[in-house]
Amino acid sequence: MANVVEMKNITKVFPGVVANNNVNFALEKGEIHVLLGENGAGKTTLMNQLYGLYEPTSGEIYINGKLTKIKDPNVAISMGIGMVHQHFMLVEPFTVAENIVLGSEPSRSGGLKLDMDKAIKDVEEISAKYGLKVDPNVKVQDISVGMQQRVEILKALYRGADILILDEPTAVLTPQEIDELGKILRNLTGQGKSIILITHKLKEVMAMSDRVTVIRRGEKIETLKNENTNTDELAEIMVGRKVNLVVEKDDKVAGDVVMSVKDLQAVDNRGIPALKGVSFDVRAGEIFAVAGVDGNGQSELVEVITGLRKSTGGSITLLGKDITNRPTSDVIDAGVSHIPEDRHKRGLVLQHSLAENSVLGSHKKAPFSKSGVLDYPKIHEFCLGLIDEFDVRTPNEKVAAKSLSGGNQQKLIVARELSRNPELLIASQPTRGVDVGAIEFIHKRLVAERDKNKAVLLVSLELDEVMALADRIAVVYDGQIVGVVNGKDATEKELGIMMAGGSQKKQ
Amino acid sequence: MKKKINYLLENVKYPLLAIALAFLIGSIFVILTDNSPIVAYSALLDGSLGNIPKFGETLLKTTPLIMTGLAVAFAFRSGLFNIGGEGQYLVGAISTVTAAWVLQDLPGFILIPIILLAGAFGGAIWGGVPGFLKAKLGVHEVIVSIMLNYIALFLTNFLVRVTLNPSTLQGTEQKAYSVMIPEHARLLKFNEFMPVFGYSSLHVGILIAIACAVGIWFLLFKTTIGYEIRSVGHNPYASEYGGISISKNIILSMMISGGLAGLGGAMTIAGLTFKVDQSSGLPGYGFTGIAVALVGKNHPLGVLASALLFGIMSNGSRKMQFEGIPKEVVGIIQGIIIIFIAGEAMLKFMTTRKKKEEKGEVA
Amino acid sequence: MLVIFIAIIASALRLATPLIFAALGSVFTERSGVVNIALEGIMIMGAFFAILAMEFVSNPWIAVLVAMIVGAITALLLGFLAINLKANQVVAGTAINILAGSLTAFLLEMVWHRSGQTDTVANALTKNPETLAFLEKIPVLGSLFSGLTPFVYLAIIFSGVSYYVMYKTPFGLRIRAVGEHPRAADTVGVNVYRVRHICVLISGALAGLAGASLSLGTVNMFREGMVSGKGFIAIAAAIFGKWHPLGAFAACLFFGLTEAIQIQAASLGLGWIPSEFLQMLPYIATVLALAGLVGRAVAPAASGEPYEKGHR
Amino acid sequence: SKPAAEPATEPAAEPAAEATTEDATAEEAPAEDTAKVDMVMGMITDTGGLGDQSFNDSGWMGLERLEAEYGIERKVLESESADDYGPNLTSFAEAEVDIVYGVGFLFNESMAAAAAQFPNQKFAIIDSVVEADNVASITFAENEGSFLVGVIAGMTTETNKVGFIGGMKFPLIEKFEYGFKAGVKAANPDAEVISNYADSFEDAAKGKEIATVQHQQGADVIFHAAGGVGIGLIQAAEEQGFWAIGVDQDQSHISPERVLCSMIKRVDEGVYQVGQSVIDGNFEGGVHLFSIANEGVGYSDNAGNLTEEQVAAAEKWKAAIATGAFVVPQTEAEFNAFEVPEI
Ligand SMILES: Nc1ncnc2c1ncn2[C@@H]1O[C@H](COP(=O)(O)OP(=O)(O)OP(=O)(O)O)[C@@H](O)[C@H]1O
Ligand SMILES: Nc1ncnc2c1ncn2[C@@H]1O[C@H](COP(=O)(O)OP(=O)(O)OP(=O)(O)O)[C@@H](O)[C@H]1O
Ligand SMILES: [Mg+2]
Ligand SMILES: [Mg+2]
């Protein structure tokens with residue numbers, strides 16, 4: 001088979017970091033090729049060079065056999081390369097159609113008039129052609145993540161991409177959406193497209209791809225054919241050691257109710273009801289999971305509990321104390337810790353040092369402050385302790401949080417939240433976008449909390465995670481709980497049906 | 001310790017380079033006026049630092065700039081742009097006069113702190129309004145503070161012309177300025193206890209201003225209030241998540257910011273002018289404060305240095321005018337300095353490239 | 001009453017005109033993600049160079065063009081600092097404001113050998129253009145048109161054109177994308193730096209025009225202090241109008257109207273109000289309008305943030 | 001170079017019609033003929049600065065004459081803000097110049113303080129009175145000059161409406177306003193005066209707007225005491241075809257066809273005379289009032305727009321005021337009580 005892309009001896013140096021070291025990579029026509037590697041291994045960097053966002057420090061790139069200097073995305077686009085970025089590159093207040101045509105707008109009167117009608121028609125056409133369903137007229141800020149993903153793919157296809165790069169496209173998708181994406185991708189290769197996929201999920205790697213290239217610490221380790229490998233081997237190559245992919249967890253009888261949620265109601269940012277009467281209890285010594293497709297009220301549920309959003313009805317009781325609509329600081333004081341779903345938006349003040357971040361939420365308490373004055377020596381000492389205990393990879397505790405990789409940022413957040421020794425730990429997408437090593441670690445800590453007889457509320461879009469960790473699983477659909485099942489008995493199929501709003505299981 | 005010195009050097013290296021370059025370019029303008037740059041700049045230095053009284057006058061000019069610079073810097077730290085220093089300064093001034101008139105029977109040691117606090121309080125209210133509207137209604141603080149600048153100006157003019165006019169309060173003829181604050185409400189002058197300050201009108205306000213800078217530094221970087229304000233400035237969502245009230249901190253920070261500017265106005269009244277004039281324009285300290293803050297990198301201690309720089313230029317320009325050099329030249333130099341400091345990246349680029357070239361030569 | 005009403009409208013339009021140009025300029029830069037606090041300074045430059053140009057040319061329109069070019073060049077400095085050097089945009093703008101005030105005063109001194117003001121120039125643009133003289137014959141409304149200057153018509157036209165550019169052209173889509181999410185624009189091949197530079201240049205030209213409309217369009221001369229805060233009011237108007245060209249236009253008109261009412265206060269029977277309170281009227285009305293009606297103004301998301309390629 | 005060498009304004013703002021003999025000699029006297037007086041005289045402007053077309057410029061012209069005639073050296077400090085007044089005064093005093101002028105009544109309190117601090121320094125203040133032996137207070141009867149142009153306005157108006165534009169509502173500016181109103185009343189009891197304040201001495205555009213509005217309200221003669229704001233008035237007069245009356249100096253050069261006449265306030269003369277007394281060694285503190293009686297205020301018509309009849313009337317009132325036949329009002333209260341005397 002012909003190589004549509006060949007990257008030869010690519011080295012990319014950022015100040016102080018060698019992100020890619022002499023990497024060789026080839027993409028064959030019509031294949032789906034996975035790039036696999038831990039956080040910070042250099043996958044995104046490699047692809048950004050292919051797409052012209054960064055220039056390689058050294059090395060050569062051949063497209064369809066021809067040496068090409070890709071100095072900016074325009075060159076990449078003209079070479080038929082399209083990229084769907086790890087963090088979506090969508091302009092939120094724009095409509096779907098506007099986002100798709102941006103940069104290659106159809107126009108009339110010699111470019112003086114934007115032809116929106118044509119744009120909408122074009123979008124409808126390609127959307128039908130590739131089976132990617134979107135509504136061209138709605139604003140991106142109002143659509144689900146799954147649809148945003150499709151918009152991103154359409155953006156690339158609209159520009160005539162034959163080579164598609166997808167950077168962690170599944171991190172935010174539901175199982176069904178992931179399946180669907182798999183089908184879409186196969187459909188695309190069927191139409192002659194070639195695809196590079198970046199993901200951390202080994203199961204997907206096996207299900208979706210033809211070949212896998214593993215990168216570790218900026219260096220290419222191996223390229224394998226799918227049929228010749230398995231998840232355990234991949235994990236080992238990736239991390240450089242054996243990884244235990246199964247969560248070890250003993251049976252345990254749950255204790256008293258820690259948090260009781262009754263008939264909770266709330267609206268979303270647009271004022272549309274997002275929670276329509278949700279009730280459940282979380283007990284000491286159990287992991288209670290809320291599963292469901294993204295956008296069914298999970299985010300709002302967590303926000304209401306933690307005081308970040310006002311409820312419009314119902315009540316929340318924590319250890320017998322009413323905390324409904326209390327300010328966040330009261331909720332924290334009542335013994336709730338919270339690993340937020342979006343670590344950059346909520347979890348960290350990226351410009352602050354790790355030390356300052358390590359006391360966010362407890363900064364007003366002893367021993368970190370006394371009569372309003374912060375005790376920095378104590379804070380630094382405390383942070384160093386967390387870094388040590390949770391193996392946060394960082395030069396020291398004084399660097400800004402933004403200089404850490406996503407996985408390490410997540411570890412710091414987990415460390416901070418657990419260090420408060422909470423009665424209730426709310427963990428929202430705790431392993432989103434982190435590598436297997438870190439996943440293993442975070443999962444162990446969640447189970448340890450449960451084993452310490454604390455209550456854990458886990459909100460996750462990943463069924464694997466939910467099924468591996470949860471003692472009980474509540475499935476939400478359209479702002480309501482459609483059913484609660486025992487973690488041990490749950491099957492992926494059954495949960496999948498409920499997540500789609502399907503029939504309720506035995507009550 | 002050495003690290004600290006290095007850090008300091010790293011931070012002052014480029015501003016100093018910027019100043020040097022600006023003076024170099026400024027000399028073109030001096031030459032255009034048929035004057036010698038050497039004469040001009042020695043006049044600038046002599047006029048501002050030539051002897052102790054002159055230095056005193058420089059510090060006098062520096063005092064309000066420290067306050068408005070701190071005001072802007074502080075608000076910036078919480079993610080807010082306080083362009084309303086002008087109005088807050090004015091309201092601070094008029095509040096001081098009002099308080100001094102109403103409470104004139106109090107003894108000085110009580111009256112002086114009270115009138116200064118009144119000024120700070122007035123400024124805090126004036127800064128708090130945009131803070132409140134931003135926090136509660138999401139109204140952009142920039143537009144409200146610009147509007148409040150003018151409202152403060154006209155309100156002050158009205159109060160001076162009618163309510164606080166000596167003709168109203170003391171039965172004299174109508175004046176274009178307010179009543180004077182009583183002798184015992186005035187700040188101590190340096191020359192009253194340190195005769196070396198000679199004719200200089202420098203008053204103890206400069207010490208208060210320095211104390212404010214140190215206090216604000218402490219508040220910002222050593223206390224929970226500062227921690228919260230900086231957090232809100234960098235990431236309001238994360239702050240909210242950490243149990244920090246965004247609206248409380250926006251209001252608080254605008255009030256502190258306004259209070260600083262207001263105290264600046266108060267000290268000018270209590271230490272120098274003792275009255276407020278009817279005026280057709282804004283006093284200018286609020287706007288200069290923006291430049292002061294930004295040149296000082298929004299750091300309270302940086303503000304001290306940058307206010308001094310502005311004070312030197314402003315006071316030194318007197319002597320330059322004596323030498324027949326238009327005061328505009330100083331304005332031009334000020335602008336260029338700020339441009340170079342803003343374009344620090346350019347200077348860094350220029351100097352690092354030079355280093356590389358040097359290395360290349362060695363190799 | 002009708003006469004007063006028409007007089008107030010004419011007055012409002014005239015007073016609003018310089019603000020409109022500058023506010024449109026602010027809309028362009030803010031929409032592309034650059035805060036242009038230098039409008040004030042650029043207006044001063046425009047006002048001055050329009051008059052200076054009249055020393056050399058006799059056609060006032062060429063002088064207007066010169067003002068726009070000088071405005072654009074001044075803005076180029078801002079663009080260079082803010083976009084290429086990633087300088088703090090407010091600092092850069094403040095520097096330009098300080099520089100512009102001093103530089104024009106300095107040049108005034110060098111050219112006219114005095115301070116304060118230039119000579120007056122002949123054939124300025126302070127009257128209703130002759131080609132539109134027929135408008136003055138319209139009954140009742142005629143008196144409205146007789147008081148308008150060519151700049152007033154230009155301001156109205158430019159508002160419409162700006163709206164069209166911003167919302168109906170591919171370039172406008174790119175401007176708004178660059179201001180909201182520059183990286184997204186970058187990844188689809190939109191040159192973020194170029195779009196921002198163009199917008200900054202446009203805002204400079206418009207602010208230069210605003211300055212010319214003050215000097216050439218009202219008093220045929222340049223005076224120090226003639227801009228006196230109008231650049232800042234224009235920024236406020238752009239925010240008030242939620243960074244929409246027509247919104248900004250309406251906001252400027254609102255400012256003009258309140259000021260016109262204040263001048264006409266006596267004939268409206270408001271003469272008993274102390275003049276200072278009448279002076280405050282436009283500003284108080286704005287704050288109330290913002291608090292009561294307009295409320296939250298969400299700035300373009302990337303406004304004020306330098307964009308760096310190859311960073312996240 | 002700037003002020004030190006060049007005249008601050010073109011000599012366009014020519015001396016008043018009733019030019020004094022000194023004026024003539026001032027222009028002729030060649031500097032080298034005169035024995036150079038080794039003196040330095042300093043002037044501090046208010047925040048309006050040089051180029052204000054008003055008292056700052058006028059005061060500077062007074063020093064210019066001293067420079068031309070006696071070869072003294074003149075220096076200027078322009079105040080950036082109101083709190084510069086005190087420090088500017090002290091820095092001149094510290095430099096031991098021979099006299100320091102503070103231009104503007106806002107110098108009042110700071111000059112009193114400086115005069116006490118530097119008892120051996122000679123000071124002079126324009127438009128205000130500071131009671132100290134070392135301060136010459138140069139004041140003007142603006143109401144009297146304004147009265148005369150009021151008379152002319154009252155005779156000129158055909159609509160029986162005239163306008164007044166003030167800079168800011170200062171007592172000083174009100175002296176212009178009520179003097180003017182009294183003059184209008186004296187010449188034309190039926191005429192109404194529309195009065196507006198611009199709250200600025202700079203905003204020419206606003207001046208034009210106010211003038212336009214006053215003209216639309218019927219005013220066909222408008223007087224201003226508003227510095228640069230008045231430039232807008234004169235522009236409006238020229239475009240819309242009504243009369244403007246200038247202030248402080250003869251402003252007919254701006255629009256010879258449309259500036260009817262100007263009210264003259266000879267700050268230059270005040271500065272000159274006090275400076276001369278310093279040179280002659282007979283400087284005296286106290287009030288130096290410049291009024292119609294000593295030609296310190298008046299009116300001028302360099303463009304020749306006044307009719308003989310108007311000039312005759314103005315001269316009649318001028319004589320009456322000079323002899324003290326009646327007192328021209330300078331405040332609202334005095335104006336309200338003002339009865340037009342029989343002359
Ligand atoms: N813009 C940049 N500036 C400096 N260093 C960078 C930059 N981008 C990436 N790096 C460095 O390059 C390394 C590789 O980063 P990259 O984003 O390619 O990792 P990745 O494999 O995509 O990780 P993840 O799975 O977390 O997305 C990082 O560890 C980081 O140190
Ligand atoms: N501007 C930058 N300067 C330096 N390093 C950077 C920069 N941007 C990213 N990096 C580095 O790139 C690496 C990967 O970052 P990235 O944001 O892709 O992490 P991630 O694990 O994918 O996180 P997330 O899941 O939040 O996307 C990190 O090591 C981070 O330190
Ligand atoms: Mg990545
Ligand atoms: Mg990632």
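Model, not experiment: these values are computed from the prediction. Below, chains carry the letters A, B, ... as their sequence lines are ordered, and counting in each starts from 1.
- Around the CZ atom of B:Phe76, the shell of radius 6.0 Å holds more than 12 heavy atoms that belong to other residues, nucleotides or ligands.
- Taking a 6.0 Å sphere around OH of B:Tyr237, one finds it holds 12 or fewer heavy atoms contributed by other residues, nucleotides or ligands.
- In summary, the side chains of B:Asn82 and B:Gln88 do present a donor paired with an acceptor at a separation below 3.5 Å, with no hydrogens or angles considered.
- The six-membered or imidazole ring of C:Phe277 lies away from that of B:Phe154, with a centre-to-centre distance of 6.0 Å or more.
- In terms of heavy-atom pairs under 4.5 Å with chain B, the best-connected choice from C:Asn88, C:Leu103, C:Leu77, C:Leu281 is C:Leu103.
- Checked against the 6.0 Å centroid threshold, C:Phe49 and C:Phe222 do not count as a close aromatic pair.
- For C:Ile37, the part sitting under 4.5 Å from any heavy atom of chain B is the side chain, from C-beta outward, and nothing else.
- Of the two parts of B:Phe29, the backbone and the side chain both hold a non-hydrogen atom closer than 4.5 Å to a non-hydrogen atom of chain C.
- When heavy atoms are compared at a cutoff of 4.5 Å, B:Ile332 approaches chain C by way of both its backbone and its side chain.
- In this structure, chain B has no heavy atom under 4.5 Å from any part of C:Leu278.
- Salt-bridge formation is detected for the pair B:Arg161/C:Glu276: a Lys NZ or Arg NE/NH1/NH2 atom is positioned less than 4.0 Å from an Asp or Glu carboxylate oxygen.
- In this pair, B:Phe287 and C:Phe232 present their aromatic rings parallel. The plane angle is below 30°, not in the 30 to 60° band.
- For B:Leu32, the parts sitting under 4.5 Å from any heavy atom of chain C are the backbone and the side chain alike.
- Counting heavy-atom pairs under 4.5 Å between each of B:Val142, B:Asn157, B:Leu148 and chain C puts B:Asn157 at the top.
- For chain C, no part of B:Ile337 is nearby; none of its heavy atoms comes within less than 4.5 Å.
- B:Ile83 touches chain C through its side chain: at least one heavy atom from C-beta onward sits under 4.5 Å away, while N, CA, C and O do not.
- Within the 4.5 angstrom heavy-atom criterion, only side-chain atoms of C:Thr94, from C-beta onward, approach chain B.
- Of the listed residues (C:Ile235, C:Ile284, C:Ile96, C:Thr104), the greatest number of heavy-atom pairs within a distance under 4.5 Å of chain B belongs to C:Ile284.
- Contacts between B:Leu133 and chain C at a heavy-atom distance below 4.5 Å involve the side chain alone, from C-beta outward.
- Taking the six-membered ring where the residue is Trp, B:Tyr285 and B:Tyr89 present tilted rings, their angle falling between 30° and 60°.
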